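Here is the structure we will look at, set down as structure tokens.
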Protein chains: 2
Amino acid sequence: MLTKQELEEHWAQAEEIYLNHVSIDCVVFGFHEGQLKVLMLKSNNEEAWYLPGGFVLNEEPIEQAANRILKERTGIDEVFLRQFHVFGDPDRTKFHKETYKDNLFFNQRFISIGYYALVDFVDVKPMPDSFSEVCTWRDLNDLPEFQLDHENIFRTALDTLRLQLNYQPIGYSLMPQEFTMPELQKLYETILDKKLDRRNFQRRILGFGILNKLQQTRKGGAHKAPYLYSFNLENYRAALKEGLQGGW
Amino acid sequence: MLTKQELEEHWAQAEEIYLNHVSIDCVVFGFHEGQLKVLMLKSNNEEAWYLPGGFVLNEEPIEQAANRILKERTGIDEVFLRQFHVFGDPDRTKFHKETYKDNLFFNQRFISIGYYALVDFVDVKPMPDSFSEVCTWRDLNDLPEFQLDHENIFRTALDTLRLQLNYQPIGYSLMPQEFTMPELQKLYETILDKKLDRRNFQRRILGFGILNKLQQTRKGGAHKAPYLYSFNLENYRAALKEGLQGGW
DNA sequence: ACAAAAGTGTTTTGTCTACACCCATGA
DNA sequence: TCATGGGTGTAGACAAAACACTTTTGT
């Protein structure tokens with residue numbers, strides 16, 4: 001953890017260290033207790049929430065920058081991370097330009113590259129950045145006010161996630177190692193925001209041949225114990241090359 | 001047309017005029033005589049071909065920059081234009097950095113935003129830029145050597161086009177005002193690189209309700225004259241909101 | 001009159017959808 | 001023992017795929 005003074009020095013140097021005019025914003029999705037979540041931060045000074053973001057070091061590939069930023073906020077590495085859109089309106093950071101009038105670095109135009117990440121909820125240890133006091137998961141059904149154009153960035157990410165559901169290993173990245181069929185179904189229902197038929201869902205998912213059915217069942221529920229599954233990563237990758245066929 | 005000296009002055013000022021570190025590359029697709037084409041330029045000095053590209057003015061929205069660049073190369077406005085990927089490898093412009101060692105502007109790292117455009121072939125008047133002697137259509141079956149990472153950019157655009165075939169008004173943008181069913185089918189076959197059944201194709205396309213069947217037929221062929229169609233733009237837009245369902 | 005391309009309709013096949021019954025478990 | 005959720009199978013609807021015959025036109 002840097003002291004206040006070290007921080008000030010860091011941002012005074014930012015213009016030298018980081019590639020100017022380019023930023024990265026990440027929409028980090030997690031899934032917990034049947035709810036889809038986004039990782040967000042709350043500003044020190046106002047009731048405004050924003051998405052994890054950062055800048056690109058002078059000689060750093062952008063994918064690597066996104067990974068680094070994500071690791072700083074979540075503690076995890078090797079996450080599923082995809083570029084989805086670039087936000088390049090000259091007015092998108094108007095608020096920052098006003099707030100940081102005297103700061104050379106922040107007072108410039110930024111083209112922001114949007115990434116969305118899919119992570120296993122339980123692995124994440126949310127860590128605030130130097131502008132925030134809070135870093136935490138927000139439920140998609142209970143979102144706060146967004147700063148800047150971050151609402152737009154978030155919406156675009158969510159739309160992309162829905163479109164790519166059949167082309168990306170979304171289940172694999174968001175579910176824990178072992179999970180039950182109803183849990184996986186809940187994930188799909190949450191992302192798509194619609195109910196799916198239990199039996200058809202099962203047949204379809206199993207038909208892809210991307211799951212391993214385990215011998216154990218999930219005990220402790222008040223009812224019949226469901227089987228546990230894990231992903232067959234090799235088959236999953238192969239299947240995704242072709243895209244999982246058909247729409248929901 | 002600028003003189004050589006005016007050009008030199010322009011690029012000497014580039015650092016002031018354009019947003020540093022950000023560039024735009026466009027993959028312009030056209031369709032002519034049953035062949036899919038890309039618009040490319042050839043360097044003055046070498047046997048290297050590259051994609052139309054340019055930079056973003058300080059206060060210019062990026063979509064507007066892409067449109068401006070496209071207009072400069074093709075003469076047309078209001079084209080179908082979509083962002084598809086950002087290319088941010090620090091080494092991607094290594095060649096330029098070496099070639100333009102003494103130029104402050106070119107000798108910097110560029111994050112390039114990739115756009116693909118779909119245009120009506122006959123509307124385009126290819127115009128070289130200040131680094132090229134030739135601007136012309138290249139057949140997808142007869143592509144030249146690419147400069148920098150432009151082969152990668154092109155491939156990524158083509159993959160995106162295939163994926164989005166059912167979600168974007170691709171036929172509308174690439175076909176002339178009036179066209180026959182076999183011509184439209186050829187377009188789909190070319191993009192997807194596979195043969196389609198004539199009757200099923202027709203039923204499917206007509207089923208979307210996005211075409212107007214005209215009374216005239218295309219005379220002059222050596223055989224039965226096919227009917228002409230035009231797009232019903234209103235229905236097309238509506239249908240695309242939902243995505244044209246099903247895969248080929 | 002024939003070759004080649006275009007128009008159109010029917011049968012077959014397979015996939016998605018809707019639905020019902022049995023089973024296991026904790027309360 | 002009952003309420004609840006989980007496991008599994010089947011018949012019907014619908015859409016895609018396969019396929020054949022007729023029509024038009026230039027040579």
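In what follows, every chain begins at residue 1, and chains take the letters A, B, ... in the order their sequences are listed. Since we're looking at a predicted model, the values are computed, not measured.
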Nearest-Å distance for atom pair [atom1]/[atom2], residues [X] and [N]:
X: A/Phe208; N: C/dC16; atom1: CZ; atom2: P; answer: 8 Å
X: B/Phe201; N: C/dG7; atom1: CZ; atom2: P; answer: 12 Å
X: A/Lys186; N: D/dG5; atom1: NZ; atom2: P; answer: 12 Å
X: B/Arg203; N: D/dC14; atom1: CZ; atom2: P; answer: 16 Å
X: B/Gln185; N: C/dA6; atom1: CD; atom2: P; answer: 9 Å
X: B/Asn200; N: D/dA15; atom1: CG; atom2: C1'; answer: 10 Å
X: B/Gln202; N: C/dA5; atom1: CD; atom2: C1'; answer: 13 Å
X: B/Lys213; N: C/dA6; atom1: NZ; atom2: C1'; answer: 10 Å

Out of [options], which has the shortest distance to the side chain of [X]?
X: A/Arg198; options: D/dA17, C/dA20, C/dG7; result: C/dA20
X: A/Arg204; options: C/dT10, D/dT23, C/dC16; result: C/dC16
X: A/Lys224; options: D/dG5, D/dT8, C/dG7; result: D/dG5
X: A/His223; options: C/dA18, D/dA20, C/dT25; result: C/dT25

key: Ring geometry between A/Phe154 and A/Phe29 (parallel below 30°, tilted from 30 to 60°, perpendicular above 60°)   =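 Judged by the thresholds at 30° and 60°, the geometry between A/Phe29 and A/Phe154 is tilted.
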
With a 4.5 Å heavy-atom cut-off, do B/Thr217 and B/Lys224 have their side chains touching?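 Heavy-atom side-chain distance check fails, nothing below 4.5 Å.
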
*Compare all side-chain heavy atoms of A/Leu174 with those of A/Leu187 and state whether any distance is below 4.5 angstrom.*
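Yes - at least one pair of side-chain heavy atoms lies under 4.5 Å apart.
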
Using heavy-atom distances to pick each residue's nearest nucleotide on DNA chain C, tell me which of B/Ala225 and B/Ala222 is more 5'.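 The answer here is B/Ala222.
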
Does B/Tyr229 or A/Lys219 map to a spot on DNA chain C nearer the 5' end, using the closest nucleotide for each?
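It is B/Tyr229 whose nearest nucleotide is closer to the 5' end.
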
Review point. Got a donor-acceptor pair under 3.5 Å from the side chain of A/Arg199 to the base of D/dG7?
Key: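 Per atom types, no contact qualifies.
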
Q. Which comes earlier along DNA chain D counting from the 5' end, the contact point of B/Asp197 or that of A/Pro182, where each point is its nearest nucleotide?
A.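 Its nearest nucleotide lies further toward 5', so the answer is A/Pro182.
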
From CA spacing to verdict: ring pair (Phe, Tyr, Trp, His ring centres under 6.0 Å), A/Phe179, A/Phe231: CA-CA 9 Å; A/Phe179 52 88; A/Phe231 277 94; 5.1 Å; yes

Do we see a donor-acceptor contact under 3.5 Å between the side chains of A/Asn200 and A/Arg203?
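Their side chains do contain a donor-acceptor pair, which is all the 3.5 Å distance test asks for.
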
